[in-house]
Amino acid sequence: MVSITPELLLRAYASGIFPMAESATDRSIHWIDPSERGILPLDGLHIARRLARTIRSQRFDIRFDTAFPAVVDSCAEPQPGRTETWINRTIRDLYLQLFRMGHAHSVEAFDGDDLVGGLYGVSLGGAFFGESMFSRRTDASKIALAYLCARLRKDGFVLLDTQFLTAHLASLGAVEISRRRYHALLAAALEVDATFDADDALTLEDVLPR
């Protein structure tokens, strides 16, 4: 059996496939290349008026790359409508290695000292592959996603891959495209020189452009 390394994982992403496990206790890794792929156009995020008001209130402190392991672990916990996780120990360790290499990133929503929402994913060229998100407060993960889109726009990214299209993501502006179309967009995105700049502060105007 071939050992999965961070380098192999990055090559998989560049080929349009991503890993999943059946459960946290499943030791095997399955490679997924959906016939229909979910993407979120970076200029197409739908932010409802109520959500925009919450963002402007700055109820949560939004940070980047300050609590990556905690975000991954939180994403692996049961969520509403999802009792099982696809993040096993092997996947967790691989993404922590990618984080140390500068290819994995997290967006974190804090309420005081409490981590209450967030997401993480992988960056490669001008593509960002969203992996998972979680929320312990109303709108926390939605706000994290809004900040992610702002971060990616500002840093020159051109593709945000959501893997699958869920009703939740569709309500936020995500769409489904064919595998062929996705691979074409991915090939173009990989030619883009973009850098995820976690230290560059975002303004409300970045997150809520007019």
Side-chain angles (χ1 to χ4, degrees), residues 2 4-22 28-47 64 71-72 75 79 81-82 85-88 90-92 94-95 97-99 101-107 118-134 141-142 144-197 209:
V2 177
I4 302 175
T5 64
E7 293 76 14
L8 177 60
L9 185 52
L10 289 176
R11 290 199 296 272
Y13 276 109
S15 299
I17 61 178
F18 56 89
M20 295 185 74
E22 290 292 341
S28 60
I29 300 294
H30 307 280
W31 295 104
I32 312 296
D33 183 11
S35 60
E36 300 292 327
R37 194 75 164 234
I39 65 167
L40 178 55
L42 292 175
D43 59 354
L45 177 66
H46 175 65
I47 299 178
F64 297 94
V71 169
V72 175
C75 287
Q79 300 288 320
R82 188 190 75 196
T85 180
W86 55 268
I87 303 171
N88 64 8
T90 299
I91 287 177
R92 181 185 188 277
L94 282 167
Y95 286 104
Q97 291 180 71
L98 288 183
F99 175 68
M101 293 166 62
H103 279 292
H105 304 279
S106 58
V107 186
L119 57 85
Y120 77 96
V122 173
S123 65
L124 195 60
F128 190 90
F129 308 88
E131 283 298 318
S132 191
M133 60 199 311
F134 79 99
S141 62
K142 292 180 182 179
L145 182 60
Y147 271 78
L148 173 66
C149 289
R151 172 87 283 142
L152 298 180
R153 288 194 301 265
K154 190 171 185 180
D155 292 345
F157 286 80
V158 297
L159 176 64
L160 173 52
D161 173 10
T162 68
Q163 299 180 346
F164 301 107
L165 181 66
T166 64
H168 174 66
L169 289 171
S171 72
L172 295 170
V175 297
E176 197 169 57
I177 60 175
S178 69
R179 178 190 289 140
R180 182 176 180 179
R181 176 61 177 157
Y182 171 76
H183 279 267
L185 292 176
L186 175 60
L190 293 176
E191 296 298 320
V192 174
D193 184 16
T195 300
F196 192 101
D197 190 351

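Residue numbers start at 1 and run along the sequence shown.
Using a 4.5 Å heavy-atom cutoff, the side chains of Val158 and Leu42 are not in contact. Side-chain contact check for Ser171 versus Leu169: every heavy-atom pair is 4.5 Å or farther apart. Inter-residue side-chain proximity for Ile32 and Ile17 is flagged as unmet; no heavy-atom pair is nearer than 4.5 Å. With contacts defined as side-chain heavy-atom distances shorter than 4.5 Å, the pair Ile4/Trp31 qualifies. A 4.5 Å side-chain heavy-atom check between Leu190 and Leu124 finds at least one atom pair inside the cut-off. Side-chain contact between Thr5 and Gln97 is absent, with no heavy-atom pair separated by less than 4.5 Å. Here the side chains of Gln163 and Glu131 are in contact, with some heavy-atom distance below 4.5 Å. Between Leu119 and Val71, every side-chain heavy-atom pair lies at or beyond the 4.5 Å cut-off.
Side-chain polar atoms of Ser123 and His105 form a donor-acceptor pair below 3.5 angstrom.
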task = Give the intermediate values and the outcome of side chain to side chain contact (heavy atoms under 4.5 Å, CB included) for residues Val107 and Leu145.
result = CA-CA 8 Å; Val107 186; Leu145 182 60; over 6 Å; no

task = Start with the C-alpha distance between Asp155 and Thr195, add both sets of side-chain angles, then the distance that settles side chain to side chain contact (heavy atoms under 4.5 Å, CB included), and finish with yes or no.
result = CA-CA 6 Å; Asp155 292 345; Thr195 300; 6.0 Å; no

key: Verdict with supporting geometry, Ser132 and Tyr120, side chain to side chain contact (heavy atoms under 4.5 Å, CB included)   = CA-CA 6 Å; Ser132 191; Tyr120 77 96; 3.8 Å; yes

request  = Let me see the working for Leu40 and Leu45 under side chain to side chain contact (heavy atoms under 4.5 Å, CB included), right down to the final yes or no.
outcome  = CA-CA 7 Å; Leu40 178 55; Leu45 177 66; 3.9 Å; yes

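Heavy atoms only, all atoms of each residue included: Ala144 and Gly118 are closest at CB-CA, 4.0 Å. Among all heavy-atom pairs drawn from Met101 and Leu10, the shortest one is CE-CD1, 4.2 Å. Closest of all the heavy-atom pairs between Leu186 and Ala127 is CD1-CB, 4.2 Å.
In this structure, the ring of Phe164 has its center less than 6.0 angstrom from the ring center of Phe18.
The line from CD1 of Ile47 to SG of Cys149 is 7.5 Å long, rounded to the nearest 0.5 Å. With values rounded to the nearest 0.5 angstrom, Thr90 atom OG1 is found 11.5 Å from Leu9 atom CG. Rounding to the nearest 0.5 Å places CG of Leu94 at 15.5 Å from CZ of Phe99.
Salt bridge annotation for Asp161-Arg37: present, with a cationic side-chain nitrogen under 4.0 angstrom from a carboxylate oxygen.
Tyr13 and Phe129 have tilted rings, their planes meeting at an angle from 30° to 60° on a 0 to 90° scale.
Among the candidates Pro19, Pro6, Ser106, the single residue satisfying the side-chain contact (heavy atoms from CB on, under 4.5 Å) test with Tyr95 is Pro19.
Arg153 places no side-chain N or O within 3.5 Å of a backbone atom of Asp43 that could act as its donor or acceptor partner. Remark: the backbone N or O of Gly38 is paired with a side-chain donor or acceptor of Thr162 at under 3.5 angstrom.
In this view, Arg179 and Asp33 satisfy the salt bridge (Lys or Arg N to Asp or Glu O under 4.0 Å) rule, not counting sequence neighbours.
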